[in-house]
Amino acid sequence: MFQAKAYGAASAKSPLASTQIPRREPAEHDVQIEILFCGICHSDLHQVRNEWSGFMPTVYPCVPGHEIVGRVAKVGGAVKKLKAGDLAAVGCLVDSDRTCPSCQSGEEQFCPNMTLTYNSPDKHTGAVTYGGYSDSIVVDERFVLRVPSNLNLAGAAPLLCAGITTYSPMRHWGVTKGKKVGVVGLGGLGHMAVKIAHALGAHVVAFTTSPRKVEDALRLGADEVVVSRDASEMQKHAGSFNFILDCVSADHDINAYLNLLGRDGNLTLVGAPEKPLPVAAFNLIFGRRSLSGSPIGGLAETQEMLDFCGKHNITADVEVIPIQKVNEAYERLLKQDVKYRFSIDMASLKGE
Ligand SMILES: [Zn+2]
Ligand SMILES: [Zn+2]
């Protein structure tokens, strides 16, 4: 074991502060990564404040972070995929049972025994896993991704959660050239969805409640922007979409969007509103429409997404911050005061 520098919370009520955490020495199949950037995902904030206590209680100290990019510092003797000096990334998963039907079909995100990057029981240390708000992490090579060298690293970090969360359902539901795709909500997830749908060749319509975001949505790659509060604007698109990705985690009228789907159209939820959403059955029955949800993606698909983003030079729009500003960033995240993701420059941890 060795000690790594990190930022973590000691309790649900405490701010994140400088701390030290144990990391295992890399075993045969392990990769030790020097973390360069880590994105701030809204899940980090929920977990740090124990807001998911019902199904995923937080174990303290909690070191969050699952949008990790860095450079390989050391590898175990059996590692083939990467070598010291290579760029590397880690997302939301650091392990799984590798034997269940989901793992066997490369969809580790559905493994009942997956190990999350933070706040999961750690098989190696017997304690809990610690995430990317740290100067290093040690992960089995199977769960380490390669990063295309042309990508800006600060902006590449959010691809590991926000990127794959939007890419995976679009691939699953066949988003491609000639398809009409809606993206609801222009935050961390939504802005990635617009960029990716555009690069996949779809006709992209962004929905926003705020007329202030119209310009930005067009810049990100939307072909059209609809201010969703305008009922007549919405009506113009009735029955016309192949696919809609709903990235909103606040309460909203999902029936208004189901109505915009064409025959066999699908609406996928990637935002998670706290309260159940009412769904009018006829909005699904007419047109044989479907409503579904989707979490991240498997390891193979995450690599495919990174390679796709490399080819199209897609990264998140980020505001880079030093780790010392992380508590302030959380407060701003709650006010949606970020365009569109915070990325922590981990060099700032050196002075702690
Ligand atoms: Zn996340
Ligand atoms: Zn499994």
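Atoms within a ligand are numbered from 1 in the order they appear, just like the ligands themselves.
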Taking N, O or S atoms only and a limit of 2.8 Å, check whether Cys92 reaches the Zn ion (ligand 1).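 No.
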
Report yes if the side chains of Val226 and Val205 come closer than 4.5 Å at any heavy-atom pair, otherwise no. yes

Can you find a pair of side-chain heavy atoms, one from Tyr130 and one from Asn119, that are under 4.5 Å apart?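 Result no, sub-4.5 Å side-chain heavy-atom pair not found.
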
Please give the atom name: the N, O or S atom of Asp97 nearest to the Zn ion (ligand 2).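 Within Asp97, restricted to N, O or S, the Zn ion (ligand 2) is closest to atom OD1.
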
Angular separation of SG (Cys161) and SG (Cys41) seen from the Zn ion (ligand 1), to 10°: 130°

State whether a side-chain donor-acceptor pair under 3.5 Å links Gln324 with Glu352. yes

Name the one of Asn266, Ile244, Ile254 that satisfies side-chain contact (heavy atoms from CB on, under 4.5 Å) with Leu291? Ile254

With the Zn ion (ligand 2) as the apex, the SG/SG angle for Cys111 and Cys100 - to 10°: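 With the Zn ion (ligand 2) as the vertex, SG (Cys111) and SG (Cys100) sit 120° apart.
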
